[in-house]
Structure formats: structure tokens, C-alpha cells
Amino acid sequence: MRKDDCIFCKIAAGDIPSNTVYEDERFRVILDLNPASKGHALVLPKNHADDIFDLSEEDRASVLSVAARVAAAMKKALCCSGINIVQNNGESAGQTVKHFHLHIIPRYDGDSAMVLWNPGKSDPEEQKKTAESIKAALE
Ligand code: 5GP
Ligand code: ZN
């Protein structure tokens, strides 16, 4: 299931060339065009999904094991000291390409790649209510 005007559908299908590091029948893993660090890669499902909410159950179930295999290969090949796995959904979360993708970002001691947030403060009552509301909405 491809979406006609989707660049990641075209890359995942091999219609647009990419630096592919892994491929199977459901996924292609490519190097990011604007890497946050050396080896920054994207796991692309071949079936189009806008975001995590749209991703098929099959792809959801296997995307992390693909990422884990590639991350292990990066540790060997690139000698990175850490790995960030990042996945953005929606503009407010920083998603710029509307085809689900999971970032694998190798990290090196002292590098300047930014995958950070400012730790906030939590209020115990507020936290309890927040947890309850999420629990109640689980399907
Ligand atoms: P997002 O911000 O949506 O989570 O991440 C989109 C990522 O896709 C960015 O890191 C961006 O550099 C990368 N990207 C956008 N267009 C292309 C492309 O045509 N080829 C490759 N390899 N990466 C792309
Ligand atoms: Zn697509």
C-alpha cells in the first residue's frame, strides 16, 4: 500500500536511490539525508502509514527488532558509545515527513547531536490524575 506523492514510499520501494543499510520484505533502513550524527538512519516500513497510529499491527510488532539489529551493527561498525531511538508523530512532536519512520541515532562521547528535553517538576496529585486518565482511555 503506497501513497502516490510520498517520498518515503518511493525510497522504501527503491524507486528513489538511497544509502540502504538493511532491507527485508517489510522494511528498508536508510541513512538520513541530514544526519544528526555519523550513521543516523531511518527505519521505513514499505507499506505507507502516516504515523504510529496508522501503522499496521504486523509492522508495529517487528519495527523495534529491525532497529535493534541495525543498532547492534552500528555499535560494531561505527564504534559509537550510545544510540538514541527516536520516533516523531505530529507536527508538534517534530514530524516533518508524514510516513512513519524511526530514527536510529548513533552517539559518540562529546558529540553535539541533540536528543534532549528539559526535565520538569511533577506534582503527585496531578500525576495520579494523569495516569488515571491515560489508563481509562486504553483500549
Ligand atoms: P522527522 O522530522 O519527520 O522525524 O524526520 C524526517 C527525517 O527525514 C529528517 O531527519 C530528514 O533529514 C530526513 N529526510 C527528509 N527527506 C529525506 C530524503 O529524501 N532522503 C533521506 N535519506 N532522508 C530524508
Ligand atoms: Zn509513504
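Counting starts at 1 for both ligands and their atoms, in listed order.
- In Ile7, the part holding a heavy atom less than 4.0 Å from any atom of ligand 1 is the side chain.
- The contact set between ligand 1 and Asn34, taken as ligand atoms under 4.0 Å from a residue heavy atom, comprises 12 (O).
- In terms of protein heavy-atom proximity, atom 23 (N) of ligand 1 is nearest to Leu33 N, 3.2 Å.
- Closest to atom 3 (O) of ligand 1 among all protein heavy atoms lies Thr96 N, 2.7 Å.
- With a 4.0 Å heavy-atom cut-off, ligand 1 is reached by the side chain of Leu42 but not by its N, CA, C or O.
- Heavy-atom proximity to atom 22 (N) of ligand 1, evaluated over Asn19, Leu31, Val86, is greatest for Leu31.
- More than 12 heavy atoms of other residues, nucleotides or ligands lie within 6.0 Å of CG in Asp123, so this atom counts as buried by the packing criterion.
- Here the side chain of Ser62 pairs a donor or acceptor atom with the backbone of Glu58 at under 3.5 angstrom.
- In this structure, His101 counts as a contact residue of ligand 1, since one of its heavy atoms falls inside 4.0 Å of the ligand.
- Leu55 and Arg60 make their closest contact through O-NE, 3.3 Å (heavy atoms, listed as atom of the first residue, atom of the second, distance).
- Taking NE2 of His103 as the reference point, atom CG of Asp32 lies at 6.5 Å (rounded to 0.5 Å).
- Applying side chain to side chain contact (heavy atoms under 4.5 Å, CB included) to Val70 and the options Leu102, Ile104, Val43 leaves one that passes, Ile104.
- To the nearest 0.5 Å, atom OH of residue Tyr22 and atom CD1 of residue Ile30 are 15.5 Å apart.
- Looking at ligand 1, you'll find an N or O of Asp32 within less than 3.5 Å of one of its N or O atoms.
- Residue Phe8 has no nitrogen or oxygen atom sitting less than 3.5 Å from a nitrogen or oxygen atom of ligand 1, judged on distance alone.
- Side-chain N/O atoms of Asn47 and Arg26 include no donor and acceptor closer than 3.5 Å.
- Put simply, NZ on Lys98 and CD on Glu91 are 6.5 Å apart, with the number rounded to the nearest 0.5 Å.
- Look at Ser18 and you'll find every heavy atom at least 4.0 Å from all atoms of ligand 1.
- The protein heavy-atom contact nearest to atom 15 (C) of ligand 1 is Val97 CG2, 4.0 Å.
- Using a cutoff of 4.0 Å between basic side-chain nitrogens and carboxylate oxygens, Lys135 and Glu132 are scored as salt-bridged.
- With hydrogens left out, the protein atom closest to atom 20 (N) of ligand 1 is Ile11 CD1, 3.7 Å, a heavy atom.
- With ligand atoms numbered from 1 in the order given, ligand 1 contributes 3 (O) to contacts under 4.0 Å with heavy atoms of Gln95.
- Residue His103 approaches ligand 1 through these ligand atoms, each under 4.0 Å from one of its heavy atoms: 1 (P), 4 (O), 5 (O), 7 (C), 10 (O).
- In the displayed structure, Arg69 atom CZ is contacted under 6.0 Å by at most 12 heavy atoms of other residues, nucleotides or ligands.
- Contacts of Gln87 with ligand 1, taken as heavy-atom pairs under 4.0 Å, are absent altogether.
- Among all protein heavy atoms, the one lying closest to atom 2 (O) of ligand 1 is Gly94 O, 2.8 Å.
- No hydrogens or angles considered: nothing links the side chains of Ser37 and Asp111 as a donor-acceptor pair under 3.5 Å.
- Around atom CG of Asp109, no more than 12 heavy atoms belonging to other residues, nucleotides or ligands sit under 6.0 Å away.
- For the Zn ion (ligand 2), protein N, O or S atoms closer than 2.8 Å were enumerated as Cys6 SG, Cys9 SG, His48 ND1, His99 ND1, with waters left out.
- For CD1 of Ile16, the number of neighbouring non-hydrogen atoms (other residues, nucleotides, ligands) closer than 6.0 Å is greater than 12.
- Every ring-ring contact (aromatic ring centres under 6.0 Å, His included) that His48 has, sequence neighbours left out, goes to His99.
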